[in-house]
Amino acid sequence: MSADPHFSWLLVATVAAAVGFVTLVDVLLVLNLRRHAEDRGEDFEVPRGLRIMSLLLPLGAAAALVFTGARDLVQATVPPLHSLEVSASRGEEGWDFRYSPEVAADSLHLPVHRPVRLTLESPEGPLTLKIPALRLERTARAGAKVSAWFEAQVADTFALWGEAGHRAPEEGLRSAMVVHSGPSFDRWFASKSDLLEMYPPVEAGRHLVERHGCLVCHSLDGSPRTGPSFWGVLGRHRVFSDGTTAVADSSYVRHSVLQPQSQIVQGFPGVMPSFEGKLRDADIAAIIDFFETLRENGEEQ
Amino acid sequence: MNPSSVRSSSWYSTTDSDRLARIQLSLAAIALSLGLAYALLLRLHLLASLHPILAPSVFGQSLSAHALFSFFFFALVVVPCGVVPPVLPHLVQQPSLAFPRLQQWSMRLHFFALASMTLAVLSGSLSASWPELLPEATAHPWTVIWVAIALHLLGLCLVCTALQSLSTISTSGFPSPTAAAVWGILCGAVAQLVVGVLLAALAILIFFEAAPSAAVFDAAGALVYSRFFHFLERAAIVAVLLPSVGIGMQIVAHRGARRVAGGWSTALAMASITALGLSGGGLELMNAGQSVGWSVVQSALGLLILVPATTLVTNLLATLHRGALRVDAALLFALSLITTAVVGGLAAIFLTDLSVAGPLLSTAFRSAVLHYLLGGVSLFAVLAVVSAHADDLLGRPLEEGRARVAAALCFAGLHLAFLPGLWVGNRGLWFGEAELAPSTLRWENLASGGAAVLLVGIAAFVFLSLRARLDALRSPEGGDSPPL
């Protein structure tokens, strides 16, 4: 964190001032012990130069701290655009860190050197999240949200825990913050966001079709959009713009997704982008499973 | 001891100032022992932190009980009710305090407030971090109501005492600029009036919050509440700190047989600390949803306290410089007081530095600051004044040699117990999190050791005072003080 030197500096200043003060007082005590009952020191006044110094020095220090404080506060309140958004709440068992509606984990995974905006919410009861390595602590009161942004500087694993209004760490809310190097975070994220791992094939196929934007051009109910509807696509007889024909089966679908320009369905423009490299074989298989349900005697209406 | 003289003026209807102060000191001592008992429980839990002995909810409740007894019923009342009354008449050269009834009412309210607070804690379910945060729904409504009553009465008690100090000072003419203690008491009484009124009002809100049908605070209201509370905390620090530091400086000057150095600058510095302390603040207010611009203004006001604080320190050192000091226990306590105020004050000023305030806010750092400024300062003020005025208050002086040992123990114990807090807090941690961040474990053990030393020091002092008091009661010809 950029503020770290500031923290250490303040601590050192406080302790140094304390030790200095105590030493001075002790020295003065020893020097000025009254040895006889009639001893009396004359009244002493602070010399003017010292008096002016004792006004100007703290004034300068205060001004500097106001300035740096204002700068840091503005910086801390405005998260950079394109921060990674993560929301945190209490799940069934432990934390629920959510990166998107589908991607969640019970420990906090972050890429190094990238701004992250963390939003904590707690529908019932106060909930506190603590990450001492970031000096981060936020408490969401019941029904309210709080957020903070930060940028992790070191790829490592750090302690993270929570409290549910007791001011003592709660067993179930002990977890970790894992800061990944960039590529390692992408790998983690891909494994977490693998729809095939999260859903049965038909469901995964539906989510894939939604996530990859197929529905911008294809409907599910039989009405044509830019492209033909997915309703009843399997088994349909096809005539292409070059006059050839085919029956739509699973290898046809695979072909249409990976090389859409090689066969253009008659009556439609050849605008479909290729999904080569974006959809894996297994993904397309799941989409085909989903297509199986899109017909009169399919499982889904 | 003549029993009829005891009956002729019962403790409840007495108007004798020293006796009232003695009763209020005893009430504060009871509260302190309860508060320290809870602190001991928390410390034992932390020592055994690898095998926690308290469930989290019990830990939270004990923390609330510790804070309620030690903060409200020791730190906040002991200086105005126990420390100021015995010294103020001497300071303003009056035979007694103005309006003795006010002190009597302050004592009665104090008594009933402490009684209802004890009831509240006994009645069971406090919630954690209360009353800094609103009680959770889990807190029993009766508990909430008893605490509300206790805080309301305590607020009124503080108002009575503040009015009495103010009127005593104003009837005796304009205080001399070098009367550091009078200025401190004057400024403290103003802050105390604010604290008393706010506390009484806050308690009414808490009371209604407990009524099942009327929830006063929604989520936004809860934020306003904690913001209000943080303001109260700052005002309380001013109310405790200034009279104590003033009295401390005066004891130092007295032991050197001279005046407090610096002339007007001392009085001015105290007045500006009061004004800035009441208006400035740090991020704790921001957390309660305030704008960035306003935070910067408040932080500037808070940081400006550095200037008058430096003036006070300079004047104190000048008072010591080239003097001829008579060292006794009272002087040692007064110097401990000022040292505690310097360390805690500096750390507190940094809590208004916006670069660091947010992360430090709810760590051991802020807890250490509060313990320095409220606990340490008020404790040393009591010990200094009791040892300086033992003749009046107890009827016998304390045994000097042993009182000095107690002073040394208290000084060492307090700093050992709370300096580590500044460090642990600086790592972003709260006490009790050592098992999660093992590097802080030795600091925490150091703090526990310090706390033990402090306890021994306080116990030694209480023992010496009781002994002096019993001596005076057994052979009354030595002291003309009234019976307790």
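Proteins come first, then strands; the chains are lettered A, B, ... in the order of their sequence lines, and each starts at number 1. Because only heavy atoms are used, hydrogens play no part in the values below, and waters and symmetry mates are left out as well, while side chains stay in.
- Contacts with chain A were tallied for Asn315(B), Val252(B), Ile338(B), Leu304(B); Asn315(B) has the most, counting heavy-atom pairs under 4.5 Å.
- With a 4.5 angstrom heavy-atom cutoff, Thr319(B) does not touch chain A via any of its atoms.
- For Val307(B), the parts lying under 4.5 angstrom from a heavy atom of chain A are both the backbone and the side chain.
- Neither the backbone nor the side chain of Ile305(B) comes within contact range of chain A; no heavy atoms are under 4.5 Å apart.
- In terms of non-hydrogen atom pairs under 4.5 Å with chain A, the most contact-rich of Ala318(B), Ser265(B), Ala309(B), Gly263(B) is Ala318(B).
- The shortest distance between side-chain heavy atoms of Phe350(B) and Leu65(A) falls below 4.5 Å.
- The structure places CG of Leu429(B) at 6.5 Å from NZ of Lys130(A), a figure rounded to the nearest 0.5 Å.
- Between Phe411(B) and His415(B), the angle of the ring planes lies from 30° to 60°, which puts this pair in the tilted group.
- Both the backbone and the side chain of Leu29(A) come within contact range of chain B, judged by heavy atoms closer than 4.5 Å.
- Of the listed residues (Leu317(B), Val313(B), Leu316(B)), the greatest number of heavy-atom pairs within a distance under 4.5 Å of chain A belongs to Leu317(B).
- Here the side chain of Trp443(B) pairs no donor or acceptor atom with the backbone of Gly421(B) at under 3.5 angstrom.
- At a 4.5 Å heavy-atom cutoff, the contact between Arg51(A) and chain B is made by side-chain atoms alone.
- With no hydrogens or angles considered, no side-chain donor-acceptor pair links His6(A) and Asp72(A) at under 3.5 Å.
- Proximity to chain A (any heavy atom under 4.5 Å) is shown, for Ile349(B), by neither the backbone nor the side chain.
- Proximity of Leu331(B) to Arg326(B): side-chain heavy atoms (C-beta onward) are nowhere separated by under 4.5 Å.
- Of the listed residues (Asp106(A), Leu127(A), Leu129(A)), just one forms a side-chain contact (heavy atoms from CB on, under 4.5 Å) with Leu173(A), and that residue is Leu127(A).
- With a 4.5 Å cut-off on non-hydrogen atoms, Leu55(A) touches chain B through its backbone and its side chain both.
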